[in-house]
Amino acid sequence: EMVLAAVYGLFLIWVIVRLLRRPARDQVDFLVAGRRLTLPVFVASLVSTWYGGLLGIGEYSWRHGVSNWLVFGVPYYLYAGIFAVVIAGRARRTRMLTVPDQLERTCGRPAALVGAIVLFVMTAPAAYVLMLGVLMQLATGWPLWLGVVLGTALSTIYIFRGGMRAIVLTDKIQFLLMYVAFLVLVPACVLKFGGWSWLKANLPEGHLSWDGGLGWQAVAVWYVIAMSTLVEPAFYQRCYSASSERTARLGIAIAIAFWFVFDLMTTTAGLYARAVLPNLADPVTAFPRLAEAALPPLWQGLFFVGALATIMGTVDSYSFIAAVTLGRDIVTRWRQPAGILLAETEGEGQGSRTAIGWGLVATAACAVVLALVSQSVVGLWHDLGSVGTPALLVPLAASHFGRGARTTQAQRALAAVMAAAAVAALAWLLIGRWQGGLLGGVEPIFPGLAVSLLGLGVLRSGTRSTYGQ
């Protein structure tokens with residue numbers, strides 16, 4: 001196991017050495033890989049980036065069975081498909097570098113700053129850092145905090161030099177390893193324990209029901225939370241990096257097919273984990289523990305490396321997005337006059353590489369703290385998506401259809417609505433937690449969306465001459 005992990009570590013070292021020889025040339029090269037991603041590279045990078053929540057999938061499927069596919073599969077396919085059809089081509093056409101750039105161009109700098117703050121909170125890779133720590137703890141016996149810190153450092157160090165090019169370079173291998181891991185694990189479980197009839201005989205009654213015994217509302221809320229896909233910065237970043245609009249649209253469609261296949265394997269593995277390990281103390285470890293029970297040592301090592309690569313493919317990408325958001329889109333945008341950063345979309349401007357570097361350090365620190373405090377992957381997904389989506393969804397979607405804020409007054413009002421939506425969702429979440437449950441039985445994303453829609457409706461009706469086309 002450790003030998004295979006060492007080989008993977010040597011691959012990362014090779015990436016770093018290669019990038020030392022050919023560092024990114026300018027901001028376009030650093031942030032969006034020179035807008036040169038071909039279709040195969042686009043697909044491999046997007047698939048591996050957007051599936052780092054591996055242990056969270058194991059946690060949920062161990063607890064709730066096949067409903068995992070209806071919660072973490074179908075709604076995300078749906079919104080990814082909408083993104084491909086409606087947004088991907090438009091995003092590539094804008095030739096922007098980041099989502100806050102898009103907001104500044106159409107809605108003004110106040111909205112860009114608020115949007116950047118929300119995006120930083122959403123993209124800080126705490127859930128994925130937690131999973132890295134858990135994997136390293138299981139493999140080495142080290143304490144969780146040490147695994148979290150070392151895993152975070154290992155997965156982000158090469159970003160300093162190469163930016164998006166470094167991420168794409170590693171994603172090619174991580175894409176292959178993530179599929180190899182479960183192509184090894186699932187058939188081994190079938191051969192060792194039995195097929196479908198064995199699973200039915202050894203699973204709790206609710207695990208094969210569509211809702212996992214949770215009820216329709218617990219499933220339905222994820223179809224709202226999954227709307228975060230429409231403001232997903234990793235999707236935008238890949239579209240900005242694509243070689244053409246066609247690559248962006250078709251690449252997402254092909255990626256959905258790959259996610260579907262991978263979901264079938266992970267959900268099946270989750271069912272086996274529950275059947276084989278019914279008394280598992282920590283469901284976050286469901287997949288690694290199943291590998292220990294089902295695979296011989298060498299194959300366990302292969303699964304471990306594949307799982308590690310799956311998670312690291314997301315940690316590096318989200319760490320980079322969060323670092324760019326903090327260093328460039330918040331700190332640098334706040335300090336510089338309006339519109340200066342937009343010059344970088346064509347390779348002009350002085351750039352903000354140093355600020356992004358410090359942003360990466362701060363991002364890693366925040367992710368480590370959040371991971372150690374929460375220690376629940378699914379909980380982190382739920383909370384961050386519930387707070388961030390209401391603030392960004394409507395303004396960002398509207399910006400792609402020529403609707404924005406013209407005057408300074410309208411721009412400030414729009415930014416205030418975005419902030420109010422995020423604060424409303426956060427307050428609802430925290431008050432509910434303080435009371436020991438959901439406030440009024442309502443998920444926090446709903447009041448956040450209500451505030452956003454109401455505020456933007458009032459804004460548009462009161463400022464028709466300054467907001468809109």
For this session: Give the intermediate values and the outcome of side chain to side chain contact (heavy atoms under 4.5 Å, CB included) for residues Leu430 and Leu426.
Result: CA-CA 6 Å; Leu430 294 177; Leu426 179 60; 4.0 Å; yes

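- Atom CD1 of Ile167 and atom CZ of Arg238 lie 6.0 Å apart (nearest 0.5 Å).
- Checking side-chain atoms of Arg35 against main-chain N and O of Tyr240 turns up a donor-acceptor pair under 3.5 Å.
- The pair Arg95-Asp101 does not meet the salt-bridge criterion, since no charged nitrogen lies less than 4.0 angstrom from a carboxylate oxygen.
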For this session: Carefully, step by step, assess Leu37 and Ser243 under the rule side chain to side chain contact (heavy atoms under 4.5 Å, CB included).
Result: CA-CA 5 Å; Leu37 295 194; Ser243 58; 5.8 Å; no

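- With hydrogens and angles ignored, the 3.5 Å screen pairs no side-chain donor or acceptor of Tyr79 with any backbone N or O of Val224.
- Interatomic distance, CG of Leu392 versus CD of Glu232, reported as 11.0 Å (0.5 Å rounding).
- For the residue pair Thr267 and Val66, the shortest heavy atom distance occurs at CG2-CA, 4.1 Å.
- Smallest separation of non-hydrogen atoms from Thr266 and Ser61: O-OG, 4.3 Å.
- The backbone N or O of Leu295 sits less than 3.5 Å from a side-chain atom of Gln300, completing a donor-acceptor pair.
- Of the possible polar contacts, none joining the Ser317 side chain to the Gly313 backbone as a donor-acceptor pair under 3.5 Å is found.
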Return a table of donor-acceptor pairs under 3.5 angstrom between the side chains of residues 255-263 and protein atoms on other chains or two or more places apart.
from, atom 1, to, atom 2, distance (Å)
Trp259, NE1, Val47, O, 3.4
Asp263, OD1, Tyr51, OH, 2.3
Asp263, OD2, Tyr77, OH, 2.3

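- The shortest heavy-atom contact between Leu326 and Ala362 is CD2-CB, 3.6 Å.
- Interatomic distance, CG of Leu393 versus CE of Met418, reported as 11.0 Å (0.5 Å rounding).
- Aromatic ring orientation, His400 versus Tyr236: parallel (interplanar angle below 30°, classes split at 30° and 60°).
- Judged purely by distance below 3.5 Å, without hydrogens or angles, the side chains of Thr247 and Ser244 pair a donor atom with an acceptor atom.
- Looking only at side-chain heavy atoms (C-beta outward), Leu119 and Val99 come within less than 4.5 Å of each other.
- Here Leu132 contributes atom CG and Gln137 contributes atom CD; the two are 12.5 Å apart, rounded to the nearest 0.5 Å.
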For this session: List the steps, then state whether ring pair (Phe, Tyr, Trp, His ring centres under 6.0 Å) holds for Phe235 with Trp50.
Result: CA-CA 9 Å; Phe235 275 48; Trp50 212 44; 4.7 Å; yes

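- Counting heavy atoms from C-beta outward, Val114 and Leu103 have side chains that stay 4.5 Å or more apart.
- The backbone N or O of His64 sits less than 3.5 Å from a side-chain atom of Ser67, completing a donor-acceptor pair.
- To the nearest 0.5 Å, atoms OG1 (Thr268) and CE (Met265) are separated by 9.0 Å.
- Remark: Arg36 engages Asp29 in a salt bridge, criterion side-chain N to carboxylate O under 4.0 Å.
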Problem set entry | Audit row: Thr310, Gln174, side chain to side chain contact (heavy atoms under 4.5 Å, CB included) steps and yes/no | CA-CA 6 Å; Thr310 304; Gln174 288 158 344; over 6 Å; no

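- The shortest side-chain heavy-atom distance between Val394 and Ser452 falls under the 4.5 Å cut-off.
- Leu55 places none of its side-chain heavy atoms less than 4.5 Å from the side chain of Thr285.
- For Ala234 against Leu46, the heavy-atom pair with the smallest separation is O-CD1, 4.4 Å.
- Here the closest non-hydrogen pair linking Pro75 and Trp222 is CB-O, 4.1 Å.
- Ser45 places no side-chain N or O within donor-acceptor distance of the main-chain N or O of Val41, the cut-off being under 3.5 Å.
- Distance alone, capped at 3.5 Å, places no donor-acceptor pair between the Thr106 side chain and the Ser399 backbone.
- Side-chain contact between Glu59 and Arg63 is present, with heavy atoms from C-beta onward closer than 4.5 Å.
- Thr332 contributes a side-chain N or O that, together with a main-chain N or O of Gly327, makes up a donor-acceptor pair within less than 3.5 Å.
- Taking 4.5 Å as the limit, every side-chain heavy atom of Thr325 sits out of range of all side-chain heavy atoms of Thr98.
- Aromatic rings of Trp428 and Phe446 (six-membered ring for Trp) have centroids beyond the 6.0 Å cut-off, not under it.
- Side-chain contact check for Leu97 versus Arg328: some heavy-atom pair is nearer than 4.5 Å.
- Under the 6.0 Å cut-off for aromatic ring centres, Phe303 and Phe287 do not qualify, their centroids lying 6.0 Å or more apart.
- In this structure, the side chain of Tyr128 does not engage the main chain of Ser319 through any donor-acceptor pair within 3.5 Å.
- Shown here are the side-chain contact (heavy atoms from CB on, under 4.5 Å) partners of Leu176, two or more places apart in sequence or in another chain: there are none.
- Put simply, the side chain of Met164 reaches to within 4.5 Å of the side chain of Phe320, judged on heavy atoms.
- Although no hydrogens or angles enter the test, the distance criterion places a donor-acceptor pair under 3.5 Å between the side chain of Thr314 and the main chain of Ser48.
- Between the CD atom of Gln237 and the CD1 atom of Ile321 there is a distance of 4.5 Å, given to the nearest 0.5 Å.
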Exercise. Which is it for Leu39 and Ile254 under the side chain to side chain contact (heavy atoms under 4.5 Å, CB included) test, yes or no, and what are the steps along the way?
Worked result: CA-CA 9 Å; Leu39 183 61; Ile254 296 173; 4.0 Å; yes

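- Across all their heavy atoms, Ile225 and Thr389 have their closest contact at O-OG1, 4.3 Å.
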